[in-house]
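Here's the structure we're looking at; comments come further down.
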Amino acid sequence: MPPADQLVISGAREHNLKDVTIALPRNALVVITGLSGSGKSSLAFDTIYAEGQRRYVESLSAYARQFLGQMDKPDVDSIDGLSPAISIDQKTTSRNPRSTVGTVTEIYDYLRLLWARIGQPFCPNCGKPIAGQSAEQIIDQVMDMEDGTRFMVLAPIVRGRKGEYGRQFEELRAEGFTRVKVDGELRRLEEPIELDRRFRHDISVVVDRLVMRPELRKRLADSIETAVALADGIIEVELVDNGQTLTFSEKFACLECGISMPELEPRIFSFNAPHGACPRCTGLGSQMEIDPELVVPDPSLSIGEGAIAPWSASASNYYEQLTQSISERYDVDLDTPWEALSQAQQEFFLYGTNGDRVHIEYKNRFGRRRSYTTSFEGIVPNLERRYRETDSEWSRERIEEFMSVVPCPECHGARLKPSSRSVKVGGLAINEYTDLPARRALDWIRELQLTDQERRIARLVLR
């Protein structure tokens with residue numbers, strides 16, 4: 001092979017390389033293999049790539065080199081036939097439990113952008129297409145509240161963004177506003193409000209505080225118009241008595257159900273962000289639940305023989321006393337196999353006595369008999385409560401032995417909020433598209449029927 005077609009490395013001694021001399025063909029795909037620690041990375045990255053980068057930096061002006069820093073020459077006698085080099089480092093896959101093939105490859109980022117730009121929102125409740133509400137329609141819905149209802153008209157100017165927002169507070173004070181709601185807390189603008197710029201914040205301006213009555217319409221209209229102008233078309237109405245917040249939007253709202261949709265933006269389709277993640281499973285799509293079949297792994301045993309695994313492994317005699325009391329209260333034979341008990345008898349132990357109190361007698365350490373009455377919450381709720389409340393890692397691991405992973409009952413594994421699952425492109429929600437096999441997903445993209453305007457908007461994303 002002519003020397004011009006070769007990359008010749010002579011005397012490479014970087015790291016664990018022992019005076020290696022090798023010739024590699026240029027304009028070819030070269031694979032370097034070997035055992036772990038044999039020097040593959042030292043040859044490819046720390047010798048060939050490092051020398052290529054060093055030569056490139058030295059070709060720049062002195063002014064440019066001062067920003068790039070001095071690069072050390074690798075421990076090698078010579079490298080001939082070397083071109084400017086680029087390095088694509090190996091990347092380990094994420095261990096985030098929310099990661100999917102789509103998020104790791106960043107394909108999902110393009111999908112979120114596509115659904116945010118050309119998606120058609122539908123009502124999560126009735127399934128009808130959602131359109132923007134006018135100010136008059138918003139006023140009509142608020143006026144339907146009962147007389148005497150106390151409420152506040154809010155303009156959400158910051159939603160889940162980092163910053164201090166000191167200048168915004170000063171501008172609001174200068175415009176005559178007196179109160180803001182910051183991260184759920186009502187604050188007066190005349191007092192100093194200091195926010196940590198490292199954390200995300202929600203800030204809503206209190207435009208007006210009102211009590212519903214028939215002659216309120218004119219003042220309500222002025223307040224809603226002010227809120228619309230401040231928050232770019234989004235209005236919040238908070239009921240003072242129960243804290244419920246109604247969200248209205250000039251952009252997306254169901255006229256039948258009154259449900260408003262947030263503005264379509266990529267983050268509401270992300271199960272890694274609170275704006276889009278299902279609140280029940282926090283975007284995981286599944287959750288750990290106590291499994292009755294793991295609580296009673298061998299139903300052929302009786303309760304007296306230790307059928308209830310969490311109790312049989314306990315050193316405390318409390319559960320023995322409780323078992324005896326429940327059996328006497330509800331006429332349960334402790335020597336009957338678990339599988340032979342009626343469903344109602346099994347549920348007394350699994351899910352509790354439904355508020356009924358049972359009488360428990362025991363002997364204390366002095367041999368005196370004592371008694372008390374208590375209600376029993378059930379093994380399953382008891383384990384779930386202890387799992388949530390404990391700070392002990394050992395206790396959590398012990399309880400996890402009786403848990404299994406089940407799909408989230410709210411999103412059924414889709415990971416997203418109902419509002420995010422209700423936006424469709426080509427008749428599919430984003431979670432329905434990501435459930436498709438890869439070949440079918442590619443065919444769907446190629447066959448997607450769009451209007452001329454939608455195709456102009458989505459052209460680069462689709463490509």
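For the atom pair CD1 (I268) and CZ (R421), the distance works out to 12.5 Å, reported to the nearest 0.5 Å. The structure places CD1 of I235 at 12.0 Å from OG of S204, a figure rounded to the nearest 0.5 Å.
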What donor-acceptor contacts under 3.5 angstrom involve side-chain atoms of residues 151-180, with partners at least two apart or in another chain?
unit_1, atom_1, unit_2, atom_2, d
Y165, OH, K162, O, 3.0
R173, NE, L189, O, 2.7
R173, NH2, L189, O, 2.7

Pairs of donor and acceptor atoms involving the side chains of residues 376-389, under 3.5 Å and at least two apart or interchain, shall be tabulated with distances.
unit_1, atom_1, unit_2, atom_2, d
E377, OE1, R385, NE, 3.3
E377, OE2, N382, ND2, 2.8
E377, OE2, R385, NE, 3.3
E377, OE2, R385, NH2, 2.8
N382, OD1, R386, NH1, 3.0
R385, NH1, E389, OE1, 3.4
Y387, OH, R396, NH2, 3.4
Y387, OH, E400, OE2, 2.7

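Counted within 6.0 Å of OH on Y49, heavy atoms from surrounding residues, nucleotides or ligands total more than 12; the atom is thus considered enclosed.
A donor atom on one side chain and an acceptor atom on the other are not found under 3.5 Å apart for Q345 and Q343. Side chains of N272 and S270: no donor on one and acceptor on the other come within 3.5 Å.
In terms of the side chain to side chain donor-acceptor pair (under 3.5 Å) criterion, S36 has no residue partners (sequence neighbours excluded). Evaluation of the side chain to side chain donor-acceptor pair (under 3.5 Å) rule for T282 yields R98 as partners, not counting sequence neighbours. Every ring pair (Phe, Tyr, Trp, His ring centres under 6.0 Å) that F348 has, sequence neighbours left out, goes to Y330. For E146, there are no salt bridge (Lys or Arg N to Asp or Glu O under 4.0 Å) partners two or more places apart in sequence or in a different chain.
Classification of D109 and R112 as a salt-bridged pair holds, one side-chain N sitting under 4.0 Å from a carboxylate O.
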